[in-house]
Number of protein chains: 2
Amino acid sequence: MTGHGGPTGAHAESEPLRRATAILGKKWHPVLLYTLLTDGPLGFNDMKGRIDGISDKVLSEALDDLQEAGLVVRDVVEDKPVRVNYSLTPAGRDLEPIIEELLEWSHEHLTESR
Amino acid sequence: MTGHGGPTGAHAESEPLRRATAILGKKWHPVLLYTLLTDGPLGFNDMKGRIDGISDKVLSEALDDLQEAGLVVRDVVEDKPVRVNYSLTPAGRDLEPIIEELLEWSHEHLTESR
DNA sequence: CAGTATCCAAATAGATACTG
DNA sequence: CAGTATCTATTTGGATACTG
């Protein structure tokens, strides 16, 4: 990477970093991940009840997105009525320490006066 | 947090978490922070050259935003022509380990096949 | 219970041109 | 060198109503 004279000015790490922050930066994603992290597998309405302020549509889309990103799994229990459990994949669980640090950082630097 | 019977269903940590991820989730912010972290203080055009694909306007707005969030400082050197150096505040520098972990996590779980 | 379907508003990002 | 001004496009988020 050093001194090959290429004309791009961008860091090679920019894209992986953006892929990660693009997920965490969606309005509800970090909250959903944190909720699943702390409150275990949850059904659709249980999540909704814990999130407060989220609409069906937005929750549904966010869960879809997290599923596609490979952070969440949707487990359909064929029952009557149907039950669906959402939980974290290993990739999702590996986010835990990062989320904790983000929280700590937020409390240290973002909490008051701004 | 345990058993106070409040009717809100939301986690108390949701807001601080969102404040943090709202910053990191802006398209260019993490890249700008990483660039300042690795390539020290930089002038406007030096940043632009390293970012590749960013327009003047977007860079300018992003730097403003990071400055308001208290992560970046703008240091004007009265010269002719004027020089402006952008660098990280302590709050910005404290983000380094988190960014590194995010990068690691991205390489482990997001890099291929998706 | 677990969602979809519509329609709409707001926030973000980008292209291009111009300025002190 | 270091930006601002416009104007436009795209992406998100939200309200509301309906369905298997």
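Chain letters run A, B, ... following the sequence lines, proteins first, then strands; residues in each count from 1. All values below were derived from every heavy atom in this structure, side-chain atoms included, with hydrogens, water molecules and symmetry-related copies excluded.
Put simply, the residue from Lys27(A), Lys26(A), Arg74(A) that forms a salt bridge (Lys or Arg N to Asp or Glu O under 4.0 Å) with Asp65(A) is Lys26(A).
Across dA2(D), dA15(C), dC1(D), the shortest atom-to-atom separation from the side chain of Ser55(B) is found for dA15(C). Proximity note for Phe44(A) (side chain, C-beta onward) versus dA2(D), dG3(C), dT12(D): the nearest is dG3(C).
Here Arg74(A) does not reach the OP1 or OP2 of dA2(C): none of its side-chain N or O atoms lies under 4.0 Å away. The side chain of Trp28(B) contributes no N or O atom lying less than 4.0 Å from OP1 or OP2 of dT12(C). The phosphate of dG3(C) (OP1 or OP2) has a side-chain N or O of Tyr86(A) nearer than 4.0 angstrom.
Where His29(A) and Asp46(B) meet DNA chain D, the nucleotide closest to each residue was compared, and Asp46(B) sits on the side nearer the 5' end. Judged by closest nucleotide on DNA chain C, Arg83(A) is the one of Arg83(A) and Arg18(A) placed further toward the 5' end. Position along DNA chain D of the nearest nucleotide to Ser60(B) versus Asn45(B) favours Asn45(B) as the more 5'-ward residue.
Here the side chain of Thr89(A) pairs a donor or acceptor atom with the backbone of Leu71(A) at under 3.5 angstrom.
In this structure, Val58(B) reaches the bases: a heavy-atom distance under 4.0 Å links it to at least one base atom across the strands shown.
Under the 4.5 Å side-chain heavy-atom criterion for grouping Ile, Leu, Val, Met, Phe, Trp and Tyr, Tyr34(A) is not connected to Val73(A) through any hydrophobic cluster.
The base of dG13(D) lies outside donor-acceptor range of the side chain of Lys27(A), with no N or O pair under 3.5 Å. In the interface, the side chain of Lys57(B) is not paired with the base of dG3(D) through any donor and acceptor atom under 3.5 Å apart.
In this structure, Asp56(A) places its CG atom 10 Å from C1' of dT16(D), rounding to the nearest Å. Between the C1' atom of dC1(C) and the CE atom of Met47(A) lies a distance of 15 Å, rounded to the nearest Å. Glu78(B) has its CD atom 17 Å from the P atom of dC1(D), to the nearest Å.
The shortest distance between side-chain heavy atoms of Glu100(A) and Glu104(A) does not fall below 4.5 Å.
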